[in-house]
Amino acid sequence: KTEYTADEKRDYTGLEVVVKNSDGTETAVDKKELLFTEEDSAEGGKTVFVHYRGFTDSFKIKVL
């Protein structure tokens, strides 16, 4: 899900975070180990940052 109302609790069910290891293998990360933060990125939009063991990636959501 990538669209939310302003009051709606964010639900990242279905989101899969995978770590690419130095040997080329991939490991799925347990969501309990992730920290999510948000930052306004554009009118009606937010960037969601996903933090894991010193690494950060991001994706965008739309807030209606």
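What's counted below: heavy atoms across the whole structure, side chains too, no hydrogens, waters or symmetry copies.
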All heavy atoms of Ser58 vs all of Thr47, minimum pair found to be CB-CG2, 3.7 Å
Note: Glu8 and Glu3 closest approach over all heavy atoms is OE1-O, 4.3 Å
Would you confirm whether Asp11, through its side chain, and Thr13, through its main-chain N or O, come within 3.5 Å as a donor-acceptor pair? yes
Would you say that more than 12 heavy atoms from the other residues, nucleotides or ligands in this model lie under 6.0 Å from the NZ of Lys31, or not? yes
Any Val48 side-chain heavy atom under 4.5 Å of Thr37 side chain: no
Has Arg10 got its NZ or CZ under 6.0 Å from the middle of the six-membered ring of Phe36, at an angle within 45 degrees of the ring axis? no
NZ on Lys46 to OG1 on Thr2, rounded to 0.5 Å: 15.0 Å
Determine, using the 4.5 Å side-chain heavy-atom cutoff (strictly less than), whether Val29 and Phe49 are members of one ILVMFWY cluster. no
Separation of Glu26 CD from Glu16 CD (nearest 0.5 Å): 9.0 Å
Report the C-alpha distance between Thr56 and Val50 in whole Å, list the side-chain angles of each, state the deciding distance to 0.1 Å, and finish with yes or no for side-chain contact (heavy atoms from CB on, under 4.5 Å). CA-CA 5 Å; Thr56 302; Val50 183; over 6 Å; no
If you measure from NZ on Lys60 to CD on Glu39, what distance do you get to the nearest 0.5 Å? 9.0 Å
For the CG atom of Leu34 and the CZ atom of Phe55, what is their distance to the nearest 0.5 Å? 13.0 Å
Rounded to the nearest 0.5 angstrom, the OH-CD1 distance for Tyr4 and Ile61 is 6.0 Å
Checking Thr5 against Asp7: is there a side-chain donor and acceptor pair closer than 3.5 Å? no
